[in-house]
Amino acid sequence: MSSIVPNSKRITTHSVQELKRKGVKISMLTAYDYTMARMVDAAGVDVILVGDSASNVMAGHETTLPITLDQMIYHASSVVRGAERALIIVDLPFGSYQGDSKQALNSAIRIMKESGAHGVKLEGGIEVIDSIKRILTAGIPVMGHLGLTPQSIYKFGTYTVRAKKEAEADKLIEDAKALEAAGCFSLVLEKVPAALAEKVAKALTIPVIGIGAGSGVDGQVLVLHDMLGMTHEFSPRFLRRYLNLYDEITKAVSHYIEDVKLVNFPNKDEQY
Ligand code: KIV
């Protein structure tokens, strides 16, 4: 009899929850294309997020607001073709789920059907709970996202740390509990004080994955192009750069240009 699990090597929402239960930290990174997804997956990351940060790092927009559902599906299907092990979660873009749970369900179904990804992420707390519940009725796993929610940048006005004041921290804890109760399998907490993030992680049974939220949470996520040092002008305190690819790539390209100009490339062995 064939297995009921589509790919037995695949990380699932359940295995991610199991990692929290066992006290093993969860690794998550963004990817937006096939080639990067292959490398990130081969390295063994647990979760790949096809983030709407694609709007910034892939398309050069100032915010995440312009990216469309069709564009997210294009990125997600490229990532799905490149990753055979990681759990693949896709951001629902701005305007595809807020204020209309039927539209939210349709958007999530399109992502699942057209990209082959394994779940969706969306930003917000109690105000988007109807959308979350409706998506879950279709058996689609949902990851929440609280704290700094970049799709609301024009409401916040800045990308500074969220929930430093007690009232906002209380609302965040309430939202986190509501997302868990609604059935989210996990939650991203972005740019909040470490002590608050740890408190949320301890209060919930679902994994809390942090970005700029300290080490007391259940896992970490970074934007791939930031941690590889491709976006050298973006330098928040929470970001650790594991490479400086901006310099490496511009150096390599300059070298190539010089070789072409000086007729050092191609040489005898590089031609037919
Ligand atoms: O879009 C994204 O990359 C994200 C991460 C910052 C969590 O939502």
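Note that the structure is predicted; figures quoted are calculated from it, not measured. The residues of the chain are indexed from 1 along the displayed sequence. Side chains included, hydrogens not; waters and symmetry mates left out as well; all remaining heavy atoms used.
- Of the inter-residue distances, the one linking Ser101 atom OG with Ile129 atom CD1 reads 12.0 Å to the nearest 0.5 angstrom.
- Taking both residues in full, the closest heavy atoms of Leu65 and Ser55 are given as N-OG, 4.5 Å, listed atom of the first, atom of the second, then distance.
- For Lys202 and Glu198, the salt-bridge test passes: some basic side-chain N is under 4.0 Å from an acidic carboxylate O.
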- Message: Before you tell me yes or no, could you show the steps for Leu29 and Val221 under side chain to side chain contact (heavy atoms under 4.5 Å, CB included), namely the whole-Å CA-CA distance, both residues' side-chain angles and the distance that decides it to 0.1 Å?
- Response: CA-CA 5 Å; Leu29 278 175; Val221 56; 5.8 Å; no

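- Side chain of His145 to main chain of Leu148: a donor-acceptor pair is present (N/O by atom type, distance under 3.5 Å, no hydrogens or angles).
- Atoms CD and OG1, from Glu123 and Thr64 in turn, are 6.0 Å apart once rounded to the nearest 0.5 Å.
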- Item | Verdict with supporting geometry, Ile48 and Thr30, side chain to side chain contact (heavy atoms under 4.5 Å, CB included) | CA-CA 5 Å; Ile48 295 180; Thr30 65; over 6 Å; no

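- For the pair Leu122/Ile135, a side-chain contact is recorded, criterion being any heavy-atom separation below 4.5 Å from C-beta on.
- Remark: side-chain polar atoms of Ser96 are not paired, donor with acceptor, to backbone N or O of Ser107 under 3.5 angstrom.
- Using a 4.5 Å heavy-atom threshold, the side chains of Leu196 and Ile173 count as touching.
- A distance of 7.0 Å separates CD of Glu114 from CG of Asp70, quoted to the nearest 0.5 Å.
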Extract all donor-acceptor atom pairs below 3.5 Å that involve side chains of residues 210-218 and protein atoms in other chains or at least two apart in sequence.
unit_1	atom_1	unit_2	atom_2	d
Asp218	OD2	Lys20	NZ	2.9
Asp218	OD2	Val208	N	2.7

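- With Arg85 contributing its side chain and Gly44 its backbone, the two residues share a donor-acceptor pair below 3.5 Å.
- Residues Ile249 and Met230 meet the side-chain proximity criterion, which asks for heavy atoms closer than 4.5 Å.
- Residues Arg10 and Glu84 are not paired through a salt bridge, judged by the lack of any N-O separation under 4.0 Å between the basic side chain and the carboxylate.
- Remark: side-chain polar atoms of Asn56 are paired, donor with acceptor, to backbone N or O of His61 under 3.5 angstrom.
- The distance from the NE2 atom of His75 to the CD1 atom of Ile111 is 12.0 Å, given to the nearest 0.5 Å.
- Looking only at side-chain heavy atoms (C-beta outward), Arg110 and Ile73 come within less than 4.5 Å of each other.
- A donor-acceptor contact shorter than 3.5 Å is absent between the side chain of Thr149 and the backbone of Ser152.
- Taking all atoms of both residues into account, the shortest heavy-atom contact from Ala37 to Ala83 is O-CB, 4.4 Å.
- Looking at every heavy atom in both residues, Pro207 comes nearest to Ser186 through O-OG, 3.0 Å.
- The ring of His225 has its center closer than 6.0 angstrom to the ring center of Tyr32.
- Side-chain contact, Thr205 with Glu180: a donor N or O sits under 3.5 Å from an acceptor N or O.
- Contact detail for Lys177 and Ala203: the closest heavy-atom pair is CE-CB, 4.3 Å.
- For the pair Leu222/Leu239, a side-chain contact is recorded, criterion being any heavy-atom separation below 4.5 Å from C-beta on.
- With respect to Glu127 and Lys171, a salt bridge is recorded, a charged nitrogen being found less than 4.0 Å from a carboxylate O.
- More than 12 heavy atoms of other shown residues, nucleotides or ligands fall within 6.0 angstrom of atom CZ in Arg241.
- The hydrophobic cluster containing Ile26 also contains Val24, counting ILVMFWY residues as joined when their side-chain heavy atoms lie under 4.5 angstrom apart, directly or transitively.
- Across Thr13 and Pro141, no two heavy atoms sit closer than the pair CG2-CB, 3.7 Å.
- Arg134 and Leu105 get closest at one heavy-atom pair: O-CD1, 3.6 Å.
- Within a 6.0 Å radius of CZ in Phe238, more than 12 heavy atoms belonging to other residues, nucleotides or ligands are found.
- The CG atom of Asp46 lies 11.0 Å from the OG1 atom of Thr12; values are rounded to the nearest 0.5 Å.
- Atoms NE2 and NZ, on His255 and Lys251 in that order, are 11.5 Å from each other to the nearest 0.5 Å.
- Looking only at distances, a side-chain donor or acceptor of His118 sits under 3.5 Å from a matching main-chain atom of Ile88.
- Side-chain atoms of Ser131 come within 3.5 Å of backbone atoms of Tyr97 as a donor-acceptor pair (strictly under, hydrogens ignored).
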- Task: In sequence, state the C-alpha distance, the side-chain angles, and the governing distance for Gln98 and Gln151, and then conclude on side chain to side chain donor-acceptor pair (under 3.5 Å).
- Result: CA-CA 11 Å; Gln98 296 98 333; Gln151 291 179 12; 3.1 Å; yes

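- A single hydrophobic cluster is not seen to contain both Val90 and Phe94; linkage of ILVMFWY side chains at heavy-atom distances under 4.5 Å, directly or through other members, places them apart.
- Within the 4.5 Å cutoff, no side-chain heavy atoms of Thr137 are placed close to those of Lys133.
- Under the 4.5 Å side-chain heavy-atom criterion for grouping Ile, Leu, Val, Met, Phe, Trp and Tyr, Leu136 is connected to Met112 within one hydrophobic cluster.
- Around atom CD of Glu270, more than 12 heavy atoms belonging to other residues, nucleotides or ligands sit under 6.0 Å away.
- Hydrophobic clustering of Ile, Leu, Val, Met, Phe, Trp and Tyr side chains at less than 4.5 Å, counting indirect connections, keeps Val200 apart from Ile126.
- When the options Val40, Leu87, Ile11 are evaluated for a side-chain contact (heavy atoms from CB on, under 4.5 Å) with Val45, the one that passes is Val40.
- Residues Phe234 and Tyr159 fall into different hydrophobic clusters, defined by Ile, Leu, Val, Met, Phe, Trp and Tyr side chains chained together at heavy-atom separations under 4.5 Å.
- No side-chain heavy atom of Asn264 sits less than 4.5 Å from a side-chain heavy atom of Glu258.
- You'll find the side chain of Pro150 reaches within 4.5 Å of the side chain of Glu190, heavy atoms only.
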- Apply side chain to side chain contact (heavy atoms under 4.5 Å, CB included) to the pair Tyr154 and Thr63, showing each step before the final yes or no. CA-CA 10 Å; Tyr154 291 114; Thr63 73; 3.6 Å; yes

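- Side-chain contact annotation: Asp33 with Ser78, donor-acceptor N/O pair under 3.5 Å absent.
- With Gln17 contributing its side chain and Phe185 its backbone, the two residues share a donor-acceptor pair below 3.5 Å.
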- Query: Does the pair Ile209 and Leu189 meet the rule for a side chain to side chain contact (heavy atoms under 4.5 Å, CB included), with working shown?
  - Reply: CA-CA 6 Å; Ile209 300 177; Leu189 266 190; over 6 Å; no

